[in-house]
Amino acid sequence: MSALIHNTAPHSTRLSNSSVEKVNDDLDIIEYHPSRLLRRALWKIDLTVMPIVIMLYFLSFLPHRNIGNAKVAGLTTDLKMGPTQFSVALTVTYIPYILIEIPANLVLKRFGANRTLPLLVVLWGIATTSQGAVTSYHGLIACRFFLGLAEGGILPGLILYLSSFYRRDQMNVRMSLLFTATSLAGAFSGLLAAAISNLAGKGGKPGWAWIFMLEGAFTVLVGLLSFFIMPKRPEEATFLTLEEKEELSGFREDWISDEHMQTFSWSEVGSTFKEPHLYLFSLGLFAGGTTLFGLTYFAPSIVNSLGHSANRSQLLTVPPYAVAFVVSIIASYLSDKYRQRGITLIGCSILMLVGYSMFLGSSNKHVDYGSLILQVTGTYTAAPAISAWVANNFQPHYRRATAISWAFMITNCGGIISYCRH
């Protein structure tokens, strides 16, 4: 679906502003051969924009992981919370999170992603830090609500932001790099939590409080720095020369056209919901959200139930996410190269199915741990593929903004089901 289809003569060639395009009519696919100047421009964007975007999403995903780690470190015991109350604390985050996603994406163009996204990062960093100061269940609920309100617009906003820098057939690799933040957050949150938990008792605070406070303070710092790093769009990037901007604009013309001149209208937003493939995507996104967030919050507890100490459980959550990181990069490269999103998702689904079948059919703790690796790898490889697929299939700007934010609303609804089940 991400291939660009053209009816032209077999094996013809033509020149564009940015590259020679070779058209193979047998495959109906254009093969792009970027110029040296274009490759240099893309390389600069990869080195400047992608690191800060990955860091922002990495930090936005830590709150999903750190409350699971905080639970292992004694959060529920100190705040006298039962299983139901912990599930409520997880779920309450997603009420404002889900409701804010579409509005946040629609105003992104008006105020600029380079201002809006860093502001949201700072606000959720403050909310995360505040969790370390709570002394009651109700205080935690309040912090989790405001955390969701600030964080809800981040992932849809980041994907919409990246779609203004890259073509459709370049998106899955970048999506995979973005989603490696979730794998890295899964891996490093366990390492960080294991290390930070050793601060228990310092300043009269338990270890779980230090997890929230230190990770939240770092988030605020990164949010403030990103105000000065993120360009609004490629044409305003100070690290690109005039020639590179012109070359990049020609290369992206079929994808973004004159989107920067488009004005907002509710009819454009509404037309998104007339597309049948939006609802087909929604089925996969809902199921993906159920598995993704279930693993995110409960992987530390699942490992802990295998009979290990709290610290060892934190460390044993690292390998599944490390494997997912490697597999997702390889799969996304192949998906972009051959312009195949569906086959990638089918492979990921099979991997998840095998993992869950092993877990349900075995009582051996080593088999259970192996099944967790398959579950995490399949889930975290599928996420960037379907995200790129959604971004690829809606145009112009406000339709794409609506579709992307709707996609993550549905994903998070699946996450709520996951929490309620547990």
Side-chain angles (χ1 to χ4, degrees), residues 56 58-100 119-154 185-186 188-224 293-294 296-301 304 310-311 313-314 317 412 415-416 418-420 422:
L56 294 185
F58 170 81
L59 293 173
S60 78
F61 210 75
L62 278 183
H64 300 275
R65 290 285 304 159
N66 63 21
I67 193 169
N69 293 321
K71 178 186 178 184
V72 174
L75 169 70
T76 53
T77 301
D78 290 349
L79 298 187
K80 299 178 175 59
M81 294 166 56
T84 300
Q85 289 175 310
F86 184 70
S87 293
V88 171
L90 300 181
T91 305
V92 74
T93 306
Y94 283 88
I95 298 172
Y97 191 111
I98 289 170
L99 294 177
I100 202 66
L119 176 62
L120 292 176
V121 172
V122 171
L123 292 176
W124 100 60
I126 293 171
T128 299
T129 305
S130 299
Q131 291 178 105
V134 301
T135 57
S136 68
Y137 165 67
H138 295 96
L140 180 65
I141 290 293
C143 288
R144 299 293 297 177
F145 178 88
F146 287 107
L147 178 67
L149 189 64
E151 190 192 341
I154 291 297
F188 285 104
S189 67
L191 294 173
L192 288 171
I196 296 173
S197 295
N198 293 325
L199 295 175
K202 299 288 185 181
K205 294 289 184 181
W208 60 263
W210 282 109
I211 292 174
F212 289 131
M213 291 190 294
L214 291 181
E215 292 180 1
F218 182 70
T219 297
V220 171
L221 177 61
V222 173
L224 292 173
F293 289 105
T296 296
Y297 279 97
F298 297 101
S301 298
N304 195 42
N311 262 9
S313 294
Q314 307 281 21
T317 60
N412 289 315
I416 291 177
S418 170
Y419 309 147
C420 293
H422 288 81

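Just so it is clear, the values below take in all heavy atoms, side chains as well, and ignore hydrogens, waters and symmetry mates. Since the model is a prediction, treat every value here as computed from it, not as a measurement. The chain is numbered in sequence order, starting from 1.
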Visitor: Looking at Tyr137, I'd like to know if its OH atom is crowded, meaning that more than 12 non-hydrogen atoms belonging to other residues, nucleotides or ligands lie closer than 6.0 Å.
Guide: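 Yes, the 6.0 Å shell around OH holds more than 12 heavy atoms from other groups.
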Visitor: Mind checking the CE-CD1 spacing from Met213 to Ile196? Nearest 0.5 Å is all I need.
Guide: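 One gets 10.0 Å once the value is rounded to the nearest 0.5 Å.
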Visitor: Roughly how far apart are Leu214 CG and Thr128 OG1, rounded to 0.5 Å?
Guide: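 Going from CG on Leu214 over to OG1 on Thr128, the span is 12.0 Å.
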Visitor: To check you understand the geometry: which heavy-atom pair defines the closest contact between Trp210 and Lys205, and what is its length?
Guide: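 Between these two residues, the closest heavy atoms are NE1-CB, 3.5 Å.
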Visitor: Under the rule for side chain to side chain contact (heavy atoms under 4.5 Å, CB included), what residues qualify as partners of Phe218, not counting sequence neighbours?
Guide: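 Here the qualifying residues are Met55, Leu59, Val222.
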Visitor: How long is the span from the CG atom in Leu149 to the CZ atom in Arg144, to the nearest 0.5 Å?
Guide: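 Separation between the atoms: 13.5 Å.
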Visitor: Nearest 0.5 Å, please: how far is CG in Leu99 from OH in Tyr94?
Guide: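 It is 13.5 Å, given to the nearest 0.5 Å.
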Visitor: Sequence neighbours excluded, which residues qualify as side chain to side chain contact (heavy atoms under 4.5 Å, CB included) partners of Ala150?
Guide: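 With sequence neighbours excluded, Ala150 shows a side chain to side chain contact (heavy atoms under 4.5 Å, CB included) to Leu123, Trp124, given in chain and number order.
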Visitor: So, for Ala209 and Gly132, which heavy atoms are closest and what is the spacing to 0.1 Å?
Guide: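 In this case the closest contact between Ala209 and Gly132 is CB-O, 3.3 Å.
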Visitor: What are the two closest heavy atoms between Gln131 and Cys143, and how far apart are they?
Guide: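 Minimum heavy-atom separation between Gln131 and Cys143: CG-CB, 3.6 Å.
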Visitor: Rounded to the nearest 0.5 Å, what's the gap from CD1 on Ile154 to CG on Leu120? Could you check?
Guide: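 Reported value, rounded in 0.5 Å steps: 4.5 Å.
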Visitor: Among residues at least two apart in sequence or on other chains, which ones pass side chain to side chain contact (heavy atoms under 4.5 Å, CB included) with Leu79?
Guide: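 Partners of Leu79 under the side chain to side chain contact (heavy atoms under 4.5 Å, CB included) test: Leu75, Met81, Val134, Leu140, Trp208.
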Visitor: Supply the atom-to-atom distance Thr93 OG1 to Ile141 CD1, rounded to the nearest 0.5 angstrom.
Guide: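 Nearest 0.5 Å value for the OG1-CD1 distance: 7.5 Å.
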Visitor: Mind checking whether Tyr97 and Glu151 have side chains closer than 4.5 Å, heavy atoms only?
Guide: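 They are in contact (side-chain heavy atoms under 4.5 Å apart), so the answer is yes.
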